[in-house]
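FYI, side chains are in, hydrogens and waters are out, and symmetry mates aren't considered; it's all heavy atoms of this structure. Quick note on labels: first sequence line is chain A, next is B, and so on, each numbered from 1.
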There are 2 protein chains.
Amino acid sequence: MATMTEVARRAGVSISTVSYALTGTRPISAATRDRVLQAMTDLGYQPNALARGLASRRSSILGLLLPLTGRGLGATETAFVTGATAAAREAGYHLMLCPVGADDTDELHALATQRLLDGFLVMEVGLTDGRVDLLRKLDVPFVLIGRTADTEGLACVDIDFERTVEDAVAHLAGLGHRTIAYVNHSRDSLAGGYGPAKRTETAFTAALERHGITGVMVPTEDTAGGGRAAIREARERCPELTGVLVMNENAALGILADLRESGLEVPFDVSVVSMVTSPVVADLASPPLTAMTSPGTAVGAAATRVLLRRLAGDSGEAGEGQGATYEELVPCELEVRGTSGPARTRKPARGRR
Amino acid sequence: MATMTEVARRAGVSISTVSYALTGTRPISAATRDRVLQAMTDLGYQPNALARGLASRRSSILGLLLPLTGRGLGATETAFVTGATAAAREAGYHLMLCPVGADDTDELHALATQRLLDGFLVMEVGLTDGRVDLLRKLDVPFVLIGRTADTEGLACVDIDFERTVEDAVAHLAGLGHRTIAYVNHSRDSLAGGYGPAKRTETAFTAALERHGITGVMVPTEDTAGGGRAAIREARERCPELTGVLVMNENAALGILADLRESGLEVPFDVSVVSMVTSPVVADLASPPLTAMTSPGTAVGAAATRVLLRRLAGDSGEAGEGQGATYEELVPCELEVRGTSGPARTRKPARGRR
DNA sequence: TTGAAAGCGCTAACAT
DNA sequence: ATGTTAGCGCTTTCAA
């Protein structure tokens with residue numbers, strides 16, 4: 001609880017010298033620096049973060065905006081958080097969790113004008129998002145983890161859903177699959193303009209075309225039950241289907257269970273590839289899921305670094321606004337495990353169903 | 001970015017009146033209060049959190065200490081975090097994520113003496129934990145999410161592992177199971193003094209005795225593969241086993257898969273109960289797991305409330321230290337799903353294995 | 001290379 | 001019921 005004044009007195013220098021010794025903002029002779037450092041050690045001095053923030057107008061705290069719905073965070077979202085936290089810490093910043101949903105604009109307005117946070121990371125971004133408009137209006141530095149529909153003038157770091165779908169479809173097509181289903185997020189997500197749902201839908205259609213194969217998209221709930229329902233619907237609509245791409249981990253497990261109970265063997269009769277999946281969950285399934293591994297931690301860390309870069313650059317000319325458009329997309333990596341294999345060439349015996 | 005001075009001028013009052021109008025720390029006439037409030041609205045005033053914190057010596061920020069290992073957070077840990085965040089927000093506090101492991105004492109020392117945080121929530125507590133000793137020495141308010149071996153003089157909120165094991169064993173015993181296995185965390189966790197592992201081990205033995213039944217404990221890795229290995233070992237050591245209690249969700253799924261592949265039917269031949277499990281994961285399994293549902297969010301929120309209570313009370317007499325011993329244990333609730341049923345009364349046909 | 005001093009925006013005595 | 005004022009502990013001009 002020693003203050004800078006006490007350190008200064010003990011070191012026999014002025015208080016500003018102590019400050020400069022601490023921040024390195026101006027040159028100090030080696031001798032004085034040593035005396036100051038010694039005094040700090042002697043007194044167990046730690047700078048008061050609040051005082052420092054008030055005087056310097058920088059708190060070194062980042063806000064992470066995430067809606068805290070009842071359902072809790074999935075593995076990928078959690079990885080965003082931990083990745084961001086670690087990256088912030090590494091740069092000498094702190095990260096504050098701010099439970100702020102897309103429509104809590106008042107709450108966000110208060111947060112952003114309180115001067116407690118140097119900038120924001122925005123999670124669970126919708127194709128249009130009130131938080132984005134507000135932060136832009138307030139001229140506060142921020143970076144999206146995700147993307148709005150129009151990213152003009154924004155900084156975003158996101159999973160490369162388009163490329164991930166493309167890679168997954170390529171994997172299946174390469175194995176000889178000619179008809180595949182895409183089990184997407186729920187109809188509500190789609191209608192609500194949830195970015196990943198929309199983007200993968202578009203990308204799936206494009207990928208089918210590119211590979212000259214056919215398929216169906218089935219939206220469903222993010223649960224095992226949803227997966228079961230979806231695979232049934234898909235097989236009904238496309239009896240010749242041999243490959244399934246599934247957006248949601250929970251649904252993926254439901255699909256495997258349903259196929260097994262229907263007497264179909266994975267990957268012999270049907271191949272299943274899970275999108276944006278954590279290795280832990282992939283290994284839960286049996287056989288373990290072939291999956292596009294979610295780069296959650298990497299995305300969280302990258303977003304943080306982008307934000308920090310902007311904070312650093314910001315000190316330049318004023319009126320520059322948020323800086324230029326920036327988009328960084330990280331694809332999921334294909335990890336082949338036990339649920340994908342060559343397409344069967346003959347129809348399954350009728351009795352197997 | 002208006003300041004209090006500007007608000008005061010506009011309202012035609014002194015700056016302290018504005019402050020009191022804001023904090024309600026002393027009575028204000030309705031008339032002036034209205035004028036002040038109006039001025040605030042007109043100017044879009046928001047108090048500067050840093051200045052307020054510096055002057056009042058309270059930041060209204062709580063720190064959540066959690067080791068950020070490479071493996072990421074499980075569902076229960078994530079629920080601790082979200083529960084704590086929500087509870088803090090509700091009380092007008094913020095929550096900062098601090099990646100501080102049990103041995104990062106220097107880091108914690110700096111954090112705690114920086115005066116940025118009003119108090120700490122400590123996660124992933126070991127039976128002995130350097131962070132606890134340090135925080136106690138520093139006389140900083142803190143509450144554990146978890147428990148050390150000796151909780152004397154500490155405030156802890158934890159899952160009631162003892163009771164959870166007891167309830168789970170009672171469930172199985174009530175279904176007629178006479179021989180059950182407990183698949184615990186890994187041998188390393190046990191050796192490392194990981195609280196939940198140790199506590200459940202003890203409780204399991206006690207519960208067996210109380211119900212007059214027999215069983216074995218098998219430690220294993222927190223993975224599906226670990227579960228498979230464990231169930232094999234358990235069945236080898238105890239061929240007559242009909243019930244399994246399993247600590248880890250991942251292992252639980254592995255156990256189910258292995259049993260299925262061994263030709264055993266769940267719950268007809270063997271019942272499986274999963275400890276400290278999230279409903280989402282329970283529903284992933286097929287059949288869905290009978291589980292002791294983790295009260296993660298509730299524990300996180302409760303711990304936060306305890307900490308806030310201590311912060312409020314703390315303003316009383318000085319030198320009181322951390323306050324009295326406090327222990328709040330929240331049991332997991334049994335949710336019977338598809339993996340538990342009456343014990344089979346005849347031996348399984350030899351060929352079925 | 002160093003020091004003096006003016007704030008940063010607010011809270012909380014101490015007055016009245 | 002309201003005003004005056006001395007800090008909170010630091011950063012950062014401005015001088016030397």
Could you list by number each residue of residues 38-55 of chain B showing a heavy-atom separation from DNA chain D of less than 4.0 Å, or answer none if no residue does? L54(B), A55(B)
Just checking [X]: base, sugar-phosphate only, or nothing, at a heavy-atom cut-off of under 4.0 Å?
| X | value |
| --- | --- |
| T17(A) | sugar-phosphate |
| V18(B) | nothing |
| T3(A) | sugar-phosphate |

If we count only N and O atoms by modelled type, under 3.5 Å, do the side chains of T85(B) and T82(B) hold a donor and an acceptor together? no
Between D34(B) and Q38(B), does any side-chain donor sit less than 3.5 Å from a side-chain acceptor? no
Write down the atom of V125(A), the atom of I145(A), and the distance for their closest heavy-atom approach. CG2-O, 3.7 Å
At their closest point, which heavy atom of V140(A) faces which heavy atom of F142(A), and how far apart are they? O-CD2, 3.1 Å
Would you kindly compare S56(B) and S56(A) by the position of their nearest DNA chain D nucleotide and give the one closer to the 5′ end? S56(B)
If only side-chain N and O atoms of R57(B) are considered, is one of them under 4.0 Å from the OP1 or OP2 phosphate oxygen of dG9(D)? yes
Tell me the interatomic distance from I15(B), atom CD1, to dA6(D), atom P, rounded to whole angstroms. 14 Å
Does anything in residues 20-35 of chain B reach DNA chain C, meaning a heavy atom under 4.0 Å, and if so which residues? Y20(B), T23(B), R26(B)
Ignoring hydrogens and geometry, is there a side-chain-to-backbone donor-acceptor pair from [X] to [Y] under 3.5 Å?
| X | Y | value |
| --- | --- | --- |
| R131(B) | M123(B) | yes |
| S56(B) | R52(B) | yes |
| D104(B) | G101(B) | yes |

How many angstroms lie between [atom1] in [X] and [atom2] in [Y], if you round to the nearest 0.5 Å?
| X | Y | atom1 | atom2 | value |
| --- | --- | --- | --- | --- |
| L62(A) | R89(A) | CG | CZ | 11.5 Å |
| Q114(B) | L111(B) | CD | CG | 5.5 Å |
| D133(B) | T128(B) | CG | OG1 | 7.5 Å |

Do T148(A) and L154(A) come within less than 4.5 Å of each other through their side chains, counting heavy atoms only? yes
Quick check for you: name the first and last nucleotides of DNA chain C, 5' to 3', having an atom under 4.0 Å from a heavy atom of chain B. dG9(C) to dC14(C)
Of the candidates dT12(D), dG3(D), dC8(D), the side chain of S16(B) sits closest to dG3(D)
